[in-house]
Amino acid sequence: MAQRRVTDFFLRRRPGPRAASLRAKPNWRTPSPAKSALRAQVPTSGGSRKRARPSAEPTSDEPPRDEPTRDQPAPTARRRLRLPDDVVPGPGSPATSGSPEHSSPSKKTKKAALSGQLPKPAPQKDKVSSKVTLSELKSCLQRARELGARAQELRASAPGNDAGEPSVLEAEGHPAEPCEEKAPAYQRFHALAQPGLPGLVLPYKYQVLAEMFRSMDTIVGMLYNRSETVTFAKVKQGVQDMMRKRFEERNVGQIKTVYPTSYRFRQERNIPTFKDNVKRSDYQLTIEPLLDQEVGNVAPQLTASRLLQRRQVFSQNLVERVREHHRVFLASLNPPMVVPEDRLTRWHPRFNVDEVPDIEPAELPQPPTTETLATAQEVLARARSLMSPRMEKALNDLALRTAVPSSPVSSSPVLPATPPATPPALLKGVSQDLLERIRAKEVQKQLAQMTRCPEQEQRLQRLERLPELARVLRSIFVSERKPALTMEVACARMVGSYRVAMSSGEMEKHVQLLSELLPDWLSLHRIRTDTYVKLDKAADLASVTAQLARLARAEEML
């Protein structure tokens with residue numbers, strides 16, 4: 001409210017020329033003529049809060065600003081110094097010179113600014129300043145072009161571009177080329193997020209391919225069992241409806257690579273279709289499942305048991321492909337490792353399963369192409385068959401004489417690169433024998449981890465939980481103040497106190513394992529239909545937990 005009253009006060013009062021000159025804050029930054037013309041063209045709306053500024057030159061019909069009339073409101077307190085539109089400031093103009101007479105305005109200039117009028121400079125000065133400005137702009141433009149050409153030459157001849165350094169456009173935020181799209185995290189770390197016990201997990205793309213084979217086998221079995229010609233167009237639509245993923249001929253080629261004896265592919269025509277874009281005379285890719293001939297003359301059917309058997313064979317082939325990459329990885333380690341295939345139950349901890357290369361698609365039959373002569377080279381190639389044998393022999397001799405002998409290319413397989421045997425800088429001064437012992441122990445641990453069966457894995461997980469469960473069980477006996485507890489009560493109390501959700505049956509297995517490892521500290525007594533748990537509360541809990549941890553480490557090395 002106070003601000004509104006102050007504003008109304010300044011709007012209604014009519015200050016004299018001296019008071020207006022004291023309150024005015026002239027702006028010595030001269031606007032460009034383009035902006036002045038734009039402001040003059042754009043009208044201000046009546047509802048705007050910003051007041052319209054008066055024009056720089058009053059017309060002959062308007063009264064002077066120093067003598068306001070009744071129809072016209074009094075001049076505002078805030079004024080801006082504005083030059084006429086025909087004045088173009090330049091670097092050589094007097095407005096921008098640093099002389100004392102132009103740096104500080106005189107009283108006449110202030111009065112003229114308050115009244116809205118400024119003296120026009122002489123036309124000769126305007127011409128001279130414009131000429132100077134154009135000449136300076138041309139020289140600056142020429143200099144900028146020279147610098148740009150010089151920068152391009154330096155950028156082209158700099159060795160940083162060959163070494164892979166980012167260019168100027170990349171430094172400014174404009175990438176030179178679109179970077180390759182990165183796979184999402186649920187695909188790159190798919191093997192780490194699998195539930196259950198660790199095992200021979202397949203990569204995400206291999207599992208998607210296995211699901212595609214299952215869907216494709218289901219569709220092919222439905223069409224084949226009712227004696228219908230199976231085409232790729234029908235299978236593609238059915239698989240995409242089942243999986244909600246794209247299914248292309250490349251995926252069919254990958255399936256043929258993994259399981260080559262699953263289907264027979266042919267290019268056939270004169271197959272009845274009910275689509276406008278496919279003609280009856282066009283070639284189509286047909287798919288026929290390869291099945292064992294049954295006893296008798298009965299046509300084989302793709303039953304559910306056969307579908308399950310084919311799916312298992314496909315999964316085994318995928319696992320075998322991952323095994324090959326795993327063997328190459330083990331051979332590249334220092335020292336190299338050799339694991340029997342029948343004992344391998346999980347991959348090496350440093351083997352990244354999801355980075356296994358994709359399966360190369362096999363070639364599928366292509367529709368035959370009718371030979372048409374479109375170029376002169378094709379015409380000459382056809383005419384060569386019409387030559388006489390003598391002329392053809394002469395041309396062959398000439399081709400042999402002019403041919404350059406090519407150097408034989410060695411087709412030796414590329415061996416995996418082994419890491420350098422020299423120790424890194426951080427291990428300088430460490431005994432080589434100690435390093436060898438540590439590496440041998442690490443290899444033994446990893447080998448035991450890769451060949452461990454699921455039952456041993458479950459036992460090892462229970463051993464890792466026993467130290468904490470021993471502390472929980474002792475606290476329960478101390479709080480209950482009883483020499484013995486039933487198995488049901490003890491397991492129920494431990495399930496409620498343990499940090500991981502667990503069933504009572506699983507907790508009972510942990511208690512039984514604890515009694516097997518430490519019979520002197522924890523004992524089980526079978527009385528009639530109940531089992532009672534008795535604990536030695538006088539024993540040192542720290543020694544008990546240390547003994548359990550030691551047993552767990554010993555079990556892990558086996």
Side-chain angles (χ1 to χ4, degrees), residues 189-201 343-350 438 441-558:
F189 307 105
H190 174 263
L192 301 178
Q194 294 304 307
L197 296 175
L200 300 179
V201 184
R343 296 181 56 192
L344 184 66
T345 58
R346 59 183 302 183
W347 309 120
H348 192 275
R350 292 204 299 267
I438 293 174
K441 188 176 293 186
E442 184 180 0
V443 169
Q444 182 183 359
K445 181 179 178 181
Q446 292 172 353
L447 184 61
Q449 188 177 6
M450 286 187 291
T451 58
R452 192 178 296 133
C453 61
E455 291 79 9
Q456 293 177 349
E457 191 71 29
Q458 288 182 354
R459 179 180 174 86
L460 185 60
Q461 290 181 358
R462 290 169 185 168
L463 285 172
E464 292 176 353
R465 300 192 192 107
L466 287 185
E468 186 175 357
L469 288 176
R471 288 191 291 268
V472 172
L473 185 58
R474 187 181 183 278
S475 63
I476 290 173
F477 269 89
V478 171
S479 61
E480 291 290 337
R481 295 181 181 180
K482 292 181 180 179
L485 295 174
T486 60
M487 180 67 77
E488 291 78 7
V489 174
C491 291
R493 298 286 193 278
M494 293 176 69
V495 167
S497 302
Y498 192 52
R499 55 182 176 85
V500 180
M502 197 179 300
S503 63
S504 299
E506 185 67 21
M507 187 62 70
E508 185 175 350
K509 294 179 182 178
H510 285 77
V511 174
Q512 291 176 358
L513 181 60
L514 195 58
S515 65
E516 292 176 7
L517 297 176
L518 301 175
D520 298 336
W521 183 68
L522 183 69
S523 58
L524 302 180
H525 301 276
R526 182 79 177 177
I527 300 175
R528 294 181 182 178
T529 58
D530 294 335
T531 302
Y532 288 87
V533 181
K534 190 174 181 180
L535 183 69
D536 185 9
K537 293 185 285 186
D540 187 13
L541 183 61
S543 62
V544 171
T545 55
Q547 187 175 357
L548 290 173
R550 186 165 57 254
L551 291 173
R553 287 194 299 269
E555 188 82 14
E556 188 178 1
M557 295 301 296
L558 294 178

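Crowding of K441 atom NZ: a count of heavy atoms from other residues, nucleotides or ligands under 6.0 Å not exceeding 12.
In this structure, CG in L524 is found 9.0 Å from CD in E508, a value given to the nearest 0.5 Å. Remark: Y498 OH to E506 CD distance equals 10.5 Å, nearest 0.5 Å. To the nearest 0.5 Å, the span separating CZ on R474 from CG on L469 amounts to 15.5 Å. Separating the CZ atom in F477 from the CG atom in D536 is a distance of 11.0 Å, to the nearest 0.5 Å.
Here the side chain of S479 pairs a donor or acceptor atom with the backbone of S475 at under 3.5 angstrom. Judged by distance alone, with hydrogens and angles left aside, the side-chain atoms of T345 form a donor-acceptor pair with the main-chain N or O of M450 at under 3.5 Å. Listed for the T545 side chain is no donor-acceptor partner under 3.5 Å among the backbone atoms of P467. Between the side chain of S497 and the backbone N or O of M494 there is no donor-acceptor pair closer than 3.5 Å.
In summary, of the residues considered (K509, E464, E555, R452), a side chain to side chain contact (heavy atoms under 4.5 Å, CB included) with R459 occurs for E555 alone.
At least one side-chain heavy atom of L463 sits under 4.5 Å from a side-chain heavy atom of L517. Annotation: side chain of I476 is not in contact with side chain of V489 (no heavy-atom distance under 4.5 Å). Side-chain contact between L535 and L485 is absent, with no heavy atoms from C-beta onward closer than 4.5 Å. Contact check for V533 versus T486: no side-chain heavy atoms found under the 4.5 Å cut-off.
The pair E442-R350 meets the salt-bridge criterion, since a charged nitrogen lies less than 4.0 angstrom from a carboxylate oxygen.
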